[in-house]
Amino acid sequence: MQFSKTLINWYSINKRSLPWRQTKEPYCIWLSEIILQQTQVKQGLPYYETFLRAFPTVFQLANANESKVLKLWQGLGYYSRARNLHATAMYIVNELNGEFPKTYKELIKLKGIGDYTASAIASICFNEPTAVVDGNVYRVLSRYFGIDTPINSTKGIKEFKSLAQELIDKKKPAEFNQAIMEFGAIQCRPQNPDCEICPLNISCLALKQKRISQLPVKIKAVKAKKKYFNFLVFISEDGKTILKQRKTRGIWQNLYQFPLIETKSEMDFDNFKNHIKNHKLLENVSFELSLYNEKSLVHKLSHQHLYTKFWIVHVKNLKTEGTAINTIKDYAVPILIGNFIESFIF
DNA sequence: AAATCGGGGTA
DNA sequence: TACCCAGATTT
């Protein structure tokens, strides 16, 4: 197959020098693959360095507290990746004597490892010919073969996986898998790819049919819902505030935040002051309320747009234990909270 | 099968 | 704005 040879040749010339390409250590490859899920290389790179420095092997990662892992993950998003990373590290150390499974079939049983990551580790570390299908692969295959099956449909997922599996170079699975992904990231990029210099332009069906900009096809995402978040930033006279760990399912699980009051609409000062007077943290408490941001900060997530206000609540004493303000930087918080903490003068 | 889970980058 | 990113998991 000329397709595979061309890709591998292109890769040998054009691949970026990246730290996880200097090793075949399963721990390193696993770590890099988890970090890079739905994450661009530029964004994930510093996290990879940080994690490897903090946890050089799976044993250090397994022995860490989840809070420490989440703190280092702060800002990268999709925090279930960090929780699953830590849980799987503990499983590998405690149940597998620190040794990684060596096959796709065993790898995919681990928390946080799905079809893509199991294929990546199995091929890169253990030379198993299992094809990876990530966003890059969907794009390259849909264009080159002119396939308009939606890539996020059940049919599309099976179809592209099957096609990639047919195309993989079984003698060089690690090379092929990384080549097609890198090719998608660098050459066959989402917008305005330079098809003039593409080594596959002669036989690319989408180019021939002028459908490059229309492929791959993807089923439309649902529109994000608006939510209205009001954070209570307590400040006591003895230098404490209140941070609470999110234990509910949903976004930011196990991260910390200021006490949150979600409302049906945007709150103004008088409205909100009246709204919180019966709040359990303010019962029989004299407090002085001020609003940090008159205009809501809009924090956009994939499925929610958070219209956020930070309300400063000065009190003499807290009704709970509280957290010393000079230690709040040690807690893993959503970047929305982190940005506030950085800019606010306590 | 569809929804959910982040945050940053691009055009 | 809309879409994308070395996807996985839950509903």
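Computation of the quantities below employed the complete heavy-atom set of this structure, encompassing side-chain atoms and omitting hydrogens, waters and symmetry-equivalent molecules. All chains are named by letter (A, B, ...) in the order of the sequence lines, taking the proteins before the strands, and each is independently numbered beginning at 1.
If you measure from atom CG of A:L215 to atom P of C:dC4, you get 11 Å, rounded to the nearest angstrom.
Separation of the P atoms belonging to C:dT11 and B:dG6 is 14 Å when rounded to the nearest angstrom. Rounded to a whole angstrom, the distance from the P atom of B:dA1 to that of C:dC5 is 22 Å. One P atom belongs to B:dA11, the other to C:dA6, and the distance between them is 15 Å to the nearest Å. Between the C1' atoms of B:dC5 and C:dT1, the separation comes to 22 Å (whole Å).
Annotation: salt bridge (charged side-chain N to carboxylate O under 4.0 Å, His left out) contacts involving residues 281-298 of chain A, sequence neighbours excluded, are absent. Pairs of residues two or more places apart, or lying in two chains, that qualify as salt bridge (charged side-chain N to carboxylate O under 4.0 Å, His left out) and include a residue from residues 143-161 of chain A are A:D115-A:K161, A:D148-A:R211, A:K155-A:E159. Counting only residues at least two apart or in different chains, salt bridge (charged side-chain N to carboxylate O under 4.0 Å, His left out) contacts with residues 81-104 of chain A are absent. Note on residues 260-279 of chain A: pairs passing ring-ring contact (aromatic ring centres under 6.0 Å, His included), not counting sequence neighbours, are A:F272-A:W311. The salt bridge (charged side-chain N to carboxylate O under 4.0 Å, His left out) analysis of residues 173-198 of chain A, with sequence neighbours excluded, yields the pairs A:R16-A:E182, A:R21-A:E182.
Using a 4.0 Å heavy-atom cutoff across all strands shown, A:Q253 reaches no nucleic acid atom at all. Using a 4.0 Å heavy-atom distance criterion, A:K225 is classed as a sugar-phosphate-only contact. As judged by a 4.0 angstrom heavy-atom cut-off over every strand, A:V222 is placed among residues touching the sugar-phosphate backbone only.
Atom NZ of A:K319 sits in a crowded spot, with more than 12 heavy atoms from other residues, nucleotides or ligands closer than 6.0 Å.
Listed by chain and residue number, nothing satisfies the ring-ring contact (aromatic ring centres under 6.0 Å, His included) test with A:Y104 (two or more places apart in sequence, or in another chain). Partners of A:F310 according to the ring-ring contact (aromatic ring centres under 6.0 Å, His included) rule, which considers only residues two or more places apart in sequence or in another chain, are A:F231, A:F340.
Nucleotides of DNA chain B lying under 4.0 Å from heavy atoms of chain A occupy a range whose first and last members, 5' to 3', are B:dA1 to B:dA11.
When atom types are taken as modelled, the side chain of A:W73 and the backbone of A:G77 share a donor-acceptor pair closer than 3.5 angstrom. In terms of modelled atom types and a separation under 3.5 Å, the side chain of A:N65 and the main chain of A:K68 share no donor-acceptor contact.
Remark: of the listed residues A:I337, A:T241, A:V333, A:T241 is the sole one forming a side-chain contact (heavy atoms from CB on, under 4.5 Å) with A:I328.
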- Note on the structure: With B for base contact, S for sugar-phosphate-only contact and - for none (protein heavy atoms under 4.0 Å), nucleotides 6-11 of chain C reads BBSSSS

Using distance only, find each side-chain donor-acceptor pair of residues 213-224 of chain A under 3.5 Å and give its atom names and separation, not counting sequence neighbours.
none

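Sequence order on DNA chain B of the closest nucleotides to A:H303 and A:G75 puts A:H303 first from the 5' end. Nearer to the 5' terminus of DNA chain B, by closest-nucleotide assignment, is the contact made by A:K155 (compared with the other of A:K42 and A:K155).
Contact check on A:D238 versus A:K316 returns no salt bridge, with no Lys/Arg side-chain nitrogen under 4.0 Å from an Asp/Glu carboxylate oxygen.
Contacts with DNA chain B (heavy atom under 4.0 Å) in residues 331-339 of chain A: A:P334, A:I335, listed by number. For DNA chain C, the neighbouring residues in residues 186-193 of chain A, judged by any heavy atom under 4.0 Å, are A:P190.
In this model, a donor atom of one side chain and an acceptor atom of the other lie less than 3.5 Å apart for A:E66 and A:N254.
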